[in-house]
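Following: one structure in structure tokens, then a few remarks.
Throughout, residue positions are numbered sequentially from 1 according to the sequence presented. When a ligand or atom number is given, it counts from 1 through the structure's own listing order.
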Amino acid sequence: MTTKRIGIFTGGGDCPGLNAVIRAVTKTAIFDHGIEVLGIEDGLQGLIENRLRPLTSDAVSNILTTGGTILGTSNKANPSRYCTGKNPDGSPVFTDVTDLCIEHAKYHDLDAIVAIGGDGTMSSCKGLVEKGLRVIGVPKTIDNDLWGSELTFGFLTAVATATDALDRLHTTAASHHRVMLAEVMGRNAGWIALHSGVASGADVILIPEIPYDLVSVCDAVVARSRRGKRYSILCIAEGARPRDGAQVARAIDPTSPDPVKLGGIAEQLGAQIEAHTQLETRVAVLGHVQRGGPPNAADRVLATQFGHHAMNLVAAGAESRVVVMQQARVTDIPIEDVIDRQRTVTHDHLLLSAARAVATSFGEP
Ligand code: F6P
């Protein structure tokens, strides 16, 4: 199969390293394979609306180190279930616009598409793949929860950002003798909380995979205070939940492939800790700061390797594969394998035992 021209887009939430992948794919395409590249703007929204532009090697020069994505992104544009309006009761009207996307891909003579996104984006490509479009996926997410890959680019930068914030909270908590809670992102996976919590020496780390017991969390804080440690640092994943309760959502967006927007658990837990322990408590929600800014060196390297591998797959005529990291090697697996699955922290993960060994509490009874 001869590939002459491809499209590339970034879908879902942004993360540090997207531009490094766009650069690697485009330069590999042009220099190694003589293949033209068109950038699809704002994720699959651009394919629906026929907004594509040529990417030359000049266009991707000087973007390796920059955050965000030069192509823009969208986390709502699923062509099989695209929101085209509202019903009288306010509920969204969904329309299948996959044929329109295929028409636009044919109009631009695209032989394949490189989709840089998370599991939501890979699911959104399903309808296009079924209609014959050749898609190669490159996984991105700060959450590090893509099934089948032990690492996704963006994660290590987000962990570094969260760790820096936790270090700063540490000094102010110590000065004021306070209990300080930091809420970090990660959806239903505790990877960011676990890694940044361990890196910053948090006293308590709460992750979705280990529902916490409120009394145990308060006991851990009070025990420190009795030992003369007049402050505590708690690192809370946004998806953490009490053993007898549910996750906290800040919003529900029915038009998004990922409708539940988590957030607010630290505020809730902070109030409970203060009421139970009488210790002064403050809460910091790190939010989208974790997704912004330049990728760190490790993410630049990983993104370049992923982009290069993806483009070589396209040039070799591969279909429906997603690039992954397995046993520290860049390889690829079928896209279907990663759809609707998440890689979460397993209870036997070695980092949990290392953290417990240095007296970190996970809020277990
Ligand atoms: O998946 C990446 C992520 O940043 C999650 O950690 C977070 O829950 C979500 O996206 C936030 O989404 P939005 O940008 O729509 O608020």
Side-chain angles (χ1 to χ4, degrees), residues 9-18 21 42-45 67-69 71-78 83 92 115-124 137-149 151-163 165-166 182-197 205-209 235-241 246-268 284-293 295 299 302-303 322 338-345:
F9 74 87
T10 47
D14 69 336
C15 79
L18 290 171
V21 178
D42 300 333
L44 284 166
Q45 187 81 33
T69 158
L71 291 175
T73 186
S74 158
N75 56 9
K76 295 191 182 182
N78 178 355
C83 178
I116 312 171
D119 60 341
T121 301
M122 301 306 155
S123 309
S124 297
V138 181
K140 65 83 230 181
T141 168
I142 60 163
D143 304 334
N144 205 28
D145 62 351
L146 194 104
W147 193 90
S149 189
L151 193 58
T152 52
F153 66 88
F155 170 68
L156 293 172
T157 304
V159 167
T161 303
T163 303
L166 282 155
E183 181 175 302
V184 301
M185 283 185 162
R187 288 202 302 175
N188 297 311
W191 296 111
I192 298 178
L194 178 59
H195 281 249
S196 60
I205 300 174
L206 302 181
I207 60 174
E209 296 86 345
C235 180
I236 324 286
E238 62 180 359
R241 66 175 175 90
Q247 287 179 319
V248 180
R250 66 183 151 79
I252 305 287
D253 179 355
T255 65
S256 169
D258 186 16
V260 181
K261 303 294 170 192
L262 293 168
I265 184 67
E267 197 63 52
Q268 179 180 300
V285 179
L286 305 193
H288 292 78
V289 165
Q290 296 158 95
R291 290 218 314 240
D299 274 336
L302 186 62
V322 61
V338 311
I339 290 176
D340 297 332
R341 292 168 96 175
Q342 282 169 2
R343 192 181 71 93
T344 53
V345 180

* Polar side chain donor-acceptor pair, Asp253 to Thr255, under 3.5 angstrom -> yes

* Structure fact -> With heavy atoms and a 4.0 Å threshold, my read on which part of Ile192 contacts ligand 1 is neither

* Look only at the side chain of Arg250 and the backbone of Gly264, and say whether a donor-acceptor pair between them is shorter than 3.5 Å. => no

* Asked: For ligand 1, which atoms sit closer than 4.0 Å to a heavy atom of Arg187?
  -> 5 (C), 6 (O), 8 (O)

* Asked: Among all protein non-hydrogen atoms, which one is nearest to atom 12 (O) of ligand 1, and what is the separation to 0.1 Å?
  -> Arg291 NH1, 3.6 Å

* Which heavy atom of Asn75 sits nearest a heavy atom of Gly13, and at what distance? -> CB-N, 4.2 Å

* Region of Arg250 engaging ligand 1 - heavy atom pairs below 4.0 Å -> side chain

* Asked: Pro139 and Thr152: which non-hydrogen atoms are nearest, and at how many Å?
  -> CB-CG2, 4.1 Å

* atom 15 (O) of ligand 1: the protein heavy-atom neighbour that sits closest, reported with distance to 0.1 Å -> Lys261 NZ, 3.1 Å

* Asked: How close does the nearest protein non-hydrogen atom get to atom 1 (O) of ligand 1, and which residue and atom is it?
  -> Asp143 OD2, 2.6 Å

* To do: Between Glu238 and ligand 1, find which residue part has any heavy-atom pair under 4.0 Å and reply side chain, backbone, both or neither.
  => side chain

* Asked: Atoms of ligand 1 less than 4.0 Å from Asn75 heavy atoms?
  -> 15 (O)

* **Atom indices of ligand 1, in the order listed, that fall short of 4.0 Å to a heavy atom of Gly186** => 6 (O)

* Structure fact -> Within 4.0 Å of some non-hydrogen atom of His288, the atoms of ligand 1 are 13 (P), 14 (O), 16 (O)

* **Shortest non-hydrogen contact between Trp147 and Gln342, atoms and distance** => CD1-O, 3.9 Å

* Asked: Hey, does the side chain of Glu238 reach the backbone of Gly186 with a donor-acceptor pair shorter than 3.5 angstrom?
  -> yes

* Asked: Does any non-hydrogen side-chain atom of Ile142 lie less than 4.5 Å from one of Pro16?
  -> yes

